[in-house]
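Counting starts at 1 for both ligands and their atoms, following the listed order.
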Amino acid sequence: MMKKINEAVAFIQQQYSNKPLVGIVLGSGLGSFTSEITVEKEIAYSDIPHFPVSTVEGHSGKLIFGQLGGKTVVAMAGRFHYYEGYSVQEVVFPIRVMKFLGIETLLVSNAAGGSTQAFKVGDLMIIKDHISFFTPNPLVGKNIETLGPRFPDMSEPYKKSLIDKVKAIAAAKNIALQEGVYCGVTGPTFETRAEYKLIHQLGGDAVGMSTVQEVIAAVHMGVPVFAMSVITDIGIRDEENTITHDEVLQAAKDAEPKLTYIFKELVAQL
Ligand code: HPA
């Protein structure tokens with residue numbers, strides 16, 4: 001694994017020599033955030049040794065390097081999902097590569113279904129904690145000590161200091177935010193009514209098919225994380241709860257300007 005990471009890092013550093021300070025993962029329908037970045041280099045996933053290649057609609061598949069808010073950043077335009085058939089180790093490979101490129105903070109976004117009636121479509125939810133038990137843990141297997149400890153502490157997977165910064169940024173701009181627990185699932189089916197209810201009863205406020213593996217890998221390596229969900233559908237509602245991928249992408253697009261503003265300001269304050 002370390003050999004693969006080192007080879008990917010070496011390849012990237014041949015193309016782009018600045019050290020990124022922040023890594024950003026963009027969720028479904030949230031990719032146009034990259035237009036905020038003064039792009040210095042784009043590298044297609046398909047060119048990077050050992051990188052998986054993204055297949056899902058709404059994910060374009062490249063690393064974007066550049067300047068944002070006075071900082072050097074690397075953004076993943078397109079991420080890898082377990083439901084695409086990648087192993088969870090493949091899903092987190094880019095996160096590990098970004099760490100060895102030098103990132104000191106990881107920002108993650110995703111589209112998620114609301115599993116509480118308190119939310120409405122278009123809400124932004126600060127992820128304050130997660131439930132990852134429904135998907136395989138990317139740290140299963142021989143531990144790689146160079147990456148982190150065998151039994152990582154997960155008491156604060158989402159850094160409180162970053163959450164506080166975002167709350168202040170949003171308050172100053174009158175952007176309403178929700179805060180809640182993200183429950184990771186495998187997908188690709190959206191949840192049944194019974195499953196949304198189960199997730200709600202377990203303490204999940206939102207449910208989605210990404211993020212938890214990436215966050216586990218980052219926390220393992222000691223990288224502080226901030227993550228935010230765009231609530232693209234309300235799965236828990238009792239009637240008319242059919243959900244389509246198009247609806248998810250549209251809702252994400254509509255909420256994107258607010259999310260973009262928050263991420264941009266947060267990067268500027270890091
Ligand atoms: N469930 C799971 N993943 C999702 C959902 C959902 O309702 N909406 C967007 N991603």
- Task: Check if Gly235 has a non-hydrogen atom at a distance under 4.0 Å from any atom of ligand 1.
- Result: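 In this structure, Gly235 fails to qualify as a contact of ligand 1 - no heavy atom is under 4.0 Å.
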Identity and distance of the protein heavy atom lying nearest [atom]:
{"atom": "atom 5 (C) of ligand 1", "value": "Gly113 N, 3.3 Å"}
{"atom": "atom 4 (C) of ligand 1", "value": "Val207 O, 3.6 Å"}
{"atom": "atom 1 (N) of ligand 1", "value": "Glu191 OE1, 2.5 Å"}
{"atom": "atom 8 (N) of ligand 1", "value": "Asp233 OD2, 2.7 Å"}

- Message: Assess the residue pair Tyr45 and Phe80 against the criterion (ring pair (Phe, Tyr, Trp, His ring centres under 6.0 Å)); give the C-alpha distance rounded to whole Å, side-chain angles, the decisive distance to 0.1 Å, and a yes or no.
- Response: CA-CA 11 Å; Tyr45 294 158; Phe80 303 101; 5.1 Å; yes
- Item | Residue Tyr82 excluded, over 12 heavy atoms near OH under 6.0 Å |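 At most 12 heavy atoms, drawn from other residues, nucleotides or ligands, come within 6.0 Å of this atom.
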- Message: Check this for me, if you would: do Glu214 and Arg96 make a salt bridge, where the nitrogen-to-carboxylate-oxygen distance has to be below 4.0 angstrom?
- Response: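 No, no charged N to carboxylate O under 4.0 Å.
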- Sequence neighbours left out, what passes side chain to side chain contact (heavy atoms under 4.5 Å, CB included) with Ala44? Give chain and number order. Ser46, Asp47
- Query: Side chain, backbone, both or neither: which part of Asn110 comes within less than 4.0 Å of ligand 1 when only heavy atoms are counted?
  - Reply: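 Within the 4.0 Å criterion, Asn110 makes no contact with ligand 1.
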Hey, which atoms in ligand 1 end up nearer than 4.0 Å to a heavy atom of [X]?
{"X": "Tyr196", "result": "1 (N), 6 (C), 7 (O)"}
{"X": "Ala111", "result": "9 (C), 10 (N)"}
{"X": "Thr232", "result": "8 (N), 9 (C)"}

- Query: If you draw the axis of the six-membered ring of Tyr261, does the NZ or CZ of Lys173 fall within 45° of it and under 6.0 Å from the ring centre?
  - Reply: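 Relative to the ring axis of Tyr261, which defines the angle, Lys173 lies inside both limits.
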- Task: Among residues two or more places apart or on two chains, list those pairs meeting salt bridge (Lys or Arg N to Asp or Glu O under 4.0 Å) that have a residue in residues 157-170.
- Result: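 For residues 157-170, and leaving out neighbouring residues, the salt bridge (Lys or Arg N to Asp or Glu O under 4.0 Å) pairs sorted by first residue read Lys167-Glu179.
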- Task: Carefully, step by step, assess Asp205 and His200 under the rule side-chain hydrogen bond (donor to acceptor under 3.5 Å, both in side chains).
- Result: CA-CA 6 Å; Asp205 300 300; His200 179 68; 5.4 Å; no
